[in-house]
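These notes concern the structure reproduced below.
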Protein chains: 2
Amino acid sequence: MTQATPREAPVGRDRLVREAFVLFAEKGFDSVTVRDIAAASGVSVGLINHHFGSKDGLREAVDEFFIAQFEDAITGAAAHPEATTPEDHAKIIDGWIARHEKDWPTIVAYFRRALLEESDWGFSVFQRFYGFVQSSVMRMDAAGQLAPDVDRLWLPFLMMYLELGTMVFDPYVKRVLGRSGYERDLWQRRHRAYMTLIRRGSSPKRAGL
Amino acid sequence: MTQATPREAPVGRDRLVREAFVLFAEKGFDSVTVRDIAAASGVSVGLINHHFGSKDGLREAVDEFFIAQFEDAITGAAAHPEATTPEDHAKIIDGWIARHEKDWPTIVAYFRRALLEESDWGFSVFQRFYGFVQSSVMRMDAAGQLAPDVDRLWLPFLMMYLELGTMVFDPYVKRVLGRSGYERDLWQRRHRAYMTLIRRGSSPKRAGL
DNA sequence: CGCTGCACTGAACTATTGTTCAGTCTCAAC
DNA sequence: GTTGAGACTGAACAATAGTTCAGTGCAGCG
């Protein structure tokens with residue numbers, strides 16, 4: 001309680017969260033045993049329940065750890081109300097990805113599993129991302145950047161599918177193309193393709209059919 | 001071996017596959033026990049290993065059962081080389097969905113898991129879907145229906161993301177909107193929004209900025 | 001020095017789960 | 001009627017996993 005408490009960050013707890021994060025991302029929650037995690041962290045099995053009460057408690061801690069990383073991506077984006085065009089909000093996302101380049105594969109893997117499991121917090125991430133994209137679309141609309149016949153309900157979802165789909169289906173793209181869509185040049189091409197599609201679609205200029 | 005063998009379709013085996021299909025879709029392979037499946041099917045636990053050798057054997061049988069249903073969707077689509085526009089191929093998909101309306105939620109759930117679990121056959125479905133969409137795009141291109149600056153590599157993937165994203169993220173859409181995106185009116189709206197986006201994008205007519 | 005609190009250990013415990021197998025029942029074939 | 005094959009049963013088995021808990025070591029404190 002006094003200020004300079006000497007043991008404020010139990011080393012075991014910290015290691016457990018980080019190692020569990022990697023293992024959960026790699027193999028999935030059910031397929032990882034507490035003994036795996038303890039071994040990878042170099043601690044004993046008992047420590048997990050000592051700190052987290054149960055394996056599920058550890059999962060919650062890992063989820064919080066993961067969300068904390070996303071936090072600045074979402075709130076950081078919301079802190080840019082001047083972002084009105086798709087370019088703007090895509091740039092914010094790209095910036096965040098660039099900052100997390102090192103552990104990007106692990107983040108993608110964990111996120112995939114979170115979506116699969118339909119956990120509450122997975123939904124909360126989805127929901128906040130939706131709020132971000134949707135308000136972005138509303139601003140575009142207010143600025144007269146949206147054609148009148150565009151569906152205001154579905155457009156945000158479709159934009160999210162393009163963004164999240166890139167993430168979720170990247171393992172398959174990798175197997176089709178032989179390389180990840182997140183490799184720099186491919187990613188930049190995807191970026192342009194996304195912009196083009198959102199703005200002008202795929203039909204040639206002369207009156208779309 | 002003679003022609004009219006009386007017990008050609010063991011009732012137990014059949015029920016096990018169908019019930020396991022539903023349970024796997026609902027809760028995921030790992031979360032379903034052989035006892036769950038046996039109880040739901042009204043048979044004994046031993047029967048599973050009698051017919052399938054192991055729980056994994058049952059999974060393979062369920063996968064085959066599932067793929068068999070998709071087979072006609074893919075090959076049926078490939079059997080329509082006259083389909084050139086996005087409308088055409090969307091119509092084929094819609095037709096298939098309509099034919100499977102009854103067990104559509106289960107199919108979506110199972111497919112979701114297959115894609116997110118990165119199973120080999122999940123990839124093969126992705127790959128074939130890619131082949132279908134990609135050749136469809138190539139035909140559009142040949143027919144002069146593609147703007148010159150559209151990225152030929154990414155467009156098929158982006159189109160797939162819109163299609164598969166609707167499927168994979170539907171549970172979340174359901175929680176945001178309170179209804180599934182596959183309910184008829186929403187689905188039709190999404191269909192139009194998809195078409196509009198693919199063809200003309202979201203910008204107003206007067207030269208998209 | 002003794003006390004207290006806390007991180008940490010690891011053997012033991014318990015529940016669950018996939019698998020096995022000896023045996024039953026049914027039905028077609030001879 | 002006997003036989004054989006295959007569907008089917010369910011108690012028993014063995015492995016695995018999450019959890020418990022008595023105990024250790026150490027750091028701060030009076």
Side-chain angles (χ1 to χ4, degrees), chain A residues 1-65 110 113-114 116-117 119, chain B residues 1-65 110 113 117 119:
Chain A
M1 306 308 175
T2 56
Q3 207 182 12
T5 104
R7 47 179 144 205
E8 53 191 73
V11 53
R13 189 191 153 92
D14 227 58
R15 290 213 54 182
L16 280 168
V17 171
R18 288 168 193 279
E19 294 291 346
F21 171 58
V22 174
L23 287 173
F24 289 166
E26 270 173 14
K27 310 205 252 174
F29 181 78
D30 287 334
S31 301
V32 178
T33 71
V34 293
R35 286 169 181 78
D36 289 339
I37 302 166
S41 308
V43 299
S44 68
V45 274
L47 194 60
I48 288 174
N49 283 23
H50 172 68
H51 280 306
F52 308 102
S54 67
K55 190 188 177 188
D56 267 300
L58 173 56
R59 164 192 242 155
E60 284 170 33
V62 173
D63 281 350
E64 279 166 29
F65 170 74
Y110 197 84
R113 295 195 182 277
L116 169 65
E117 284 164 9
S119 59
Chain B
M1 307 306 176
T2 56
Q3 206 180 11
T5 105
R7 47 177 144 204
E8 53 190 75
V11 53
R13 189 193 152 92
D14 226 56
R15 291 213 53 183
L16 280 169
V17 170
R18 287 168 194 278
E19 295 290 347
F21 170 57
V22 174
L23 288 173
F24 289 167
E26 270 173 13
K27 310 204 252 174
F29 181 77
D30 286 335
S31 301
V32 179
T33 70
V34 293
R35 284 169 182 78
D36 289 340
I37 303 166
S41 308
V43 299
S44 69
V45 273
L47 194 61
I48 288 174
N49 283 19
H50 172 68
H51 280 307
F52 309 102
S54 66
K55 191 189 175 188
D56 267 299
L58 172 57
R59 165 193 240 155
E60 283 170 33
V62 173
D63 281 348
E64 279 168 28
F65 168 74
Y110 197 84
R113 292 192 182 277
E117 279 171 9
S119 61

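Proteins come first, then strands; the chains are lettered A, B, ... in the order of their sequence lines, and each starts at number 1. All values below were derived from every heavy atom in this structure, side-chain atoms included, with hydrogens, water molecules and symmetry-related copies excluded.
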Are any of the side-chain heavy atoms of B:Leu16 and B:Phe52 separated by less than 4.5 Å?
yes
Of all the nucleotides listed ([options]), which has the minimum atom distance to the side chain of [X]?
X       : options                : answer
B:Thr33 : D:dT19, D:dG18, C:dG18 : C:dG18
A:Arg35 : C:dA11, D:dA17, D:dG10 : D:dA17
B:His50 : D:dG18, C:dG10, D:dA7  : D:dA7
A:Leu47 : C:dT19, C:dT9, D:dC8   : C:dT9
A:Asn49 : D:dC8, D:dT20, C:dT19  : D:dT20

Rounded interatomic separation in angstrom, taking [atom1] from [X] and [atom2] from [N]:
X       : N      : atom1 : atom2 : answer
B:Ile48 : D:dT9  : CD1   : P     : 11 Å
B:Arg59 : C:dG18 : CZ    : C1'   : 14 Å
B:Ile37 : D:dC8  : CD1   : P     : 16 Å
A:Lys55 : D:dA17 : NZ    : C1'   : 8 Å
A:Lys27 : D:dT16 : NZ    : P     : 14 Å
B:Leu58 : D:dC8  : CG    : P     : 14 Å
B:Phe52 : C:dT20 : CZ    : C1'   : 17 Å
A:Arg13 : C:dA7  : CZ    : P     : 10 Å

So that I can tick it off, tell me whether B:Arg15 and B:Glu19 are bridged by a salt bridge, with the cut-off set at under 4.0 angstrom between side-chain N and carboxylate O.
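Yes.
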Closer to the 5' end of DNA chain C via nearest nucleotide, is it A:Gly42 or B:Gly46?
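Between the two, 5'-proximity favours A:Gly42.
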Strictly distance-based, threshold 3.5 Å: is any side-chain N or O of A:Arg13 a donor or acceptor partner for the main-chain N or O of A:Leu47?
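No, the answer is negative, given that no donor and acceptor are paired below the 3.5 Å cut-off.
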Counting only N and O atoms by type, is there a donor-acceptor contact under 3.5 Å from the side chain of B:Asp36 to the main-chain atoms of B:Thr33?
yes
For A:Phe29 and B:Val43, take the nucleotide of DNA chain D holding the closest heavy atom to each; which residue's nucleotide lies nearer the 5' end?
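Between the two, 5'-proximity favours B:Val43.
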Let me spell it out: for each of A:Gly53 and A:Ser31, pick the nucleotide of DNA chain D with the closest heavy atom. Which residue's pick is nearer the 5' end?
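The 5'-side residue here is A:Ser31.
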Tell me whether the rings of A:Phe21 and A:Tyr110 are parallel (<30°), tilted (30 to 60°) or perpendicular (>60°).
tilted
Can you check whether A:His51 has a side-chain N or O nearer than 4.0 Å to OP1 or OP2 of C:dC6?
no
